[in-house]
Structures are given as C-alpha cells and as structure tokens.
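The structure appears right after this line, and notes come after that.
We're numbering straight along the sequence, starting at 1.
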Amino acid sequence: SRGMSRRRRAVLHPDLKRARSLLAAAARVVVLTGAGVSAESGVPTFRGPGGLWKQFRPEELATPEAFARDPRLVWEWYGWRRELVAGCRPNPAHLAIARWMRAHSGVTLVTQNVDDLHERAADDPAVALTPLAAPLGDRFLKLHGSLFRSKCTRCAYAAEHREPVDASSADTLPRCPSCGALLRPDVVWFGEMLPPGATQAAFAAAARAQACLVVGTKGAVYPAGGVAHEAQRAGAPLIVVDPGETDYDAMADLKLAGAAGEIVPALLEG
Ligand code: OAD
C-alpha cells in the first residue's frame, strides 16, 4: 500500500540512523514543535499555502489592536479555528512524541501550538500503555497559550473555555463570569509577552539539553523560536524535521526533510 511505501522511505532516510543515535546519547532532550506537527491532522499552518483565512492574514487578526478594533471579527476567527481543531485528531507524530515523553524522563516538550493535539495525544489510552518514567506536567510547556482557554480583558479571570462562541454579533460574544467584561482568547498575540513561567522553563530546559529536536516550525517567531538557538549554544546537536525550508536549515546538524507523521515515529519508535 501507499502508506507502507511511505513508511519504508522514512525508515531508509539516510540521516535517520544518525539522528536516532544522537537522541539515544542524550539524557536530556528539548523538543520544539510548531504548526507543522499538526498539519497532517488537518490544522492549517500559518505561513504555508492554505494558511489564510478569508482575506485576512494571521498577523492582522492576532493582535491586541485587531481585537480592540473589532472583537467580533477576531472571535469569529478564533471560533472557526476552535471548531476546526475540535474536529481534528492527533496524528502519529503527536502520539510518538507523547509515548517517548512518558518513557524518557529527560524529555521536555515546548510547543508554540495553541491547538490541543499534544495534550490529546498524551491522554490517548494507547499512549497511556507506555509506563510513565516521570510526571509530564512540568515537562510540557505551551508558549503561545491555548485556543481552549479564555481570559478577561479587564480582571484576572482566566479559565478553560470549550463552549462554542456565538460571534454573529458584538452582543453575543463571551463575557467574564466574574466582572462582565469581554472575554478574549488566552493566546499570545503579536506584540504581547509570552507566559513568563513556561518561557523561563523552556529556555532553562534548552540550556541543559544534550539534543534538540525541532518539528514543524519555520522558526520565524521569537522568542519561542529561540529555544533551538539556546539549545545549540549549550552544545546540543540540532535535528530538524520539516518537509519545507525553515530558518533553522543552515544551523541544523541534521535536517530530516519530510512529514512529521512519517519521520517522527520512525525516528522515535522505528
Ligand atoms: P509556520 O506556519 O510558520 O511554520 C510551519 C512549518 O511547518 C513550516 O516550516 C512548514 O514547512 C512545516 N510543515 C508543513 N507541513 C508539515 C508536516 N506535515 N510535517 C512537518 N512540518 C510541516 O508555523 P509556526 O512555526 O508554528 O504564533 O509559527 C510560529 C507562530 O507564528 C505560531 O505559534 C503563531 C504564529 O503567528 C502565535 O499564535 C503567537
């Protein structure tokens, strides 16, 4: 079948063996993921083809100014993305990373993704069969927030929020149960600070890492993209899995050019 031959090609990738031995030699590994790890699940990437929504570019909607100008439009975009992601499932890359994290206590996962596919992979009953080497909580760091959390635009309220959003008019937008002000998605917009705790933990893990695995991120957005630079500065070899060109290509020790859903399972479990 086509699936088999794809898988075989990934297994025969010339650099795969080297990448596997680099990872095997590292007690502490930092994994940095971006939109590309979820592409095969059906989540659109930001900078690739199909990364557009209506006539808008993400850079023009994912800003505090855009929300202040037209909260209904921004909520409509986030509502669309929430529904889209809710209809997607973790792919073999998410599942392989989740199993590998359970088996190896030295692996820290840093994601730029606001989808919840890494979390859902970790909760998958098949993944839970892998014995847990150490708690996952402090080894899973989300740097750009979550589509499924909202926070108040006025007070300190923030919580998980999975109910559908009615963005048909300004009057139906979700409001803070505590103070009544508008809620907004609890995601990091352009020009905003990253969550300081997770960001510090990510850079600390990078500074201690003995290998760094980057999956499905162009590396164009900082500071998150700098996690890979920090790991390399600390001496960690850099392995990049991505079918396209990335800003890491020139600095990578190994580039495994291919789809995450094929390469990552072959790399971590093949
Ligand atoms: P980008 O859209 O910039 O990059 C996605 C990467 O995924 C590209 O390098 C693609 O080649 C690659 N890709 C596509 N299909 C793939 C596949 N099947 N397997 C592996 N890789 C694949 O997305 P990010 O780097 O995640 O910020 O973007 C970073 C940040 O910019 C996002 O977190 C978001 C956005 O604005 C916020 O939300 C704050």
Side-chain angles (χ1 to χ4, degrees), residues 10 13-26 28-41 43-51 58-59 91-94 96-97 100-101 106-115 117-118 139-144 188 190 194 198-268:
H13 198 291
D15 285 329
L16 199 55
K17 224 179 126 190
R18 261 196 77 207
R20 290 176 69 178
S21 56
L22 287 175
L23 292 177
R28 293 182 301 278
V29 181
V30 66
V31 182
L32 174 67
T33 65
V37 77
S38 299
E40 289 152 89
S41 295
V43 182
T45 59
F46 293 95
R47 289 167 191 80
E59 291 83 349
N91 70 55
H94 298 108
I97 292 168
W100 196 57
M101 281 186 80
V107 176
T108 298
L109 172 59
V110 179
T111 191
Q112 302 165 81
N113 294 346
V114 295
D115 68 43
L117 296 177
H118 282 305
R139 298 192 282 128
F140 176 48
L141 305 167
K142 259 177 120 64
L143 296 191
H144 289 167
V188 176
F190 288 96
L194 274 60
T199 306
Q200 275 161 27
F203 279 86
R208 286 192 312 264
Q210 294 159 327
C212 178
L213 175 62
V214 172
V215 183
T217 174
K218 202 153 190 57
V221 172
Y222 286 84
V227 164
H229 297 264
E230 178 69 14
Q232 194 176 56
R233 238 190 325 273
L238 179 63
I239 303 163
V240 172
V241 177
D242 197 298
E245 283 181 15
T246 79
D247 293 357
Y248 300 116
D249 291 359
M251 65 187 265
D253 293 270
L254 283 176
K255 169 82 182 275
L256 302 174
E262 297 167 20
I263 303 277
V264 172
L267 179 61
L268 303 181

Is it the case that the side chain of Tyr248 and the backbone of Gly225 share a donor-acceptor pair, with hydrogens and angles ignored and the cut-off at 3.5 Å? yes
Under the rule for side-chain hydrogen bond (donor to acceptor under 3.5 Å, both in side chains), what residues qualify as partners of Arg18, not counting sequence neighbours? none
Under 3.5 Å donor-acceptor, Glu230 side chain and Ala206 backbone: no
Looking at residues at least two apart in the chain, or sitting in another chain, which of them share a side-chain hydrogen bond (donor to acceptor under 3.5 Å, both in side chains) with Asp247? none
Heavy-atom side-chain contact between Trp100 and Leu23 under 4.5 Å: yes
Looking at every non-hydrogen atom in both residues, tell me the closest pair between Ala234 and Ala207 and how far apart they are. CB-O, 3.3 Å
Are Gln232 and Asp253 packed together at the side-chain level, in the sense that at least one heavy-atom pair is separated by less than 4.5 angstrom? yes
Which heavy atom of Thr45 sits nearest to which heavy atom of Ala39, and what is that distance? CG2-CB, 4.2 Å
pair Arg20-Leu267: side-chain heavy atoms closer than 4.5 Å: yes
Return the minimal non-hydrogen interatomic distance between Ala209 and Ala236, and the atom names on each side. O-CB, 3.5 Å
Please examine the side chains of His229 and Tyr222, heavy atoms only from C-beta on, and report whether any two atoms are closer than 4.5 Å. yes
Straight-line distance of Thr246 OG1 to Lys255 NZ, nearest 0.5 Å: 5.0 Å
Tested for side chain to side chain contact (heavy atoms under 4.5 Å, CB included) against Gln112, the lone hit among Thr217, Val188, Val227, Val37 is Thr217
Give me the one residue out of Ile239, Asp242, Leu213 that meets side chain to side chain contact (heavy atoms under 4.5 Å, CB included) with Leu256. Ile239
I'd like to check Leu194 versus His144 (side-chain heavy atoms, cut-off strictly below 4.5 Å). Are they in contact? yes
Distance in Å, Arg28 CZ paired with Arg139 CZ, rounded so as to fall on 0.5 Å steps: 13.5 Å
Identify the heavy atoms of Val240 and Ala252 that sit nearest to each other, and give their distance. CG2-CB, 3.7 Å
Nearest 0.5 Å please: distance from the CD1 atom of Ile97 over to the CZ atom of Phe140. 10.0 Å
Val43 side chain reached by Asn113 side chain, heavy atoms, under 4.5 Å: no
Rounded to the nearest 0.5 Å, how far does OG1 of Thr108 lie from CZ of Arg208? 6.5 Å
Quick one about Ser38 and His118 (side-chain donor to acceptor, distance below 3.5 Å, no hydrogens or angles considered), yes or no? no
Can you see which heavy atom on Ala259 is nearest to which on Pro243, and at what distance? N-CB, 4.3 Å
Euclidean distance, Thr111 OG1 relative to Leu117 CG, rounded to 0.5 Å: 9.5 Å
Identify the two heavy atoms, one from Val30 and one from Ala231, that lie closest to each other, and give their separation to 0.1 Å. CG1-CB, 4.0 Å
Taken in chain and number order and not counting sequence neighbours, the residues that satisfy side-chain hydrogen bond (donor to acceptor under 3.5 Å, both in side chains) with Lys142 are Glu119
Which value, rounded to the nearest 0.5 Å, describes the distance between Arg233 atom CZ and Leu238 atom CG? 12.0 Å
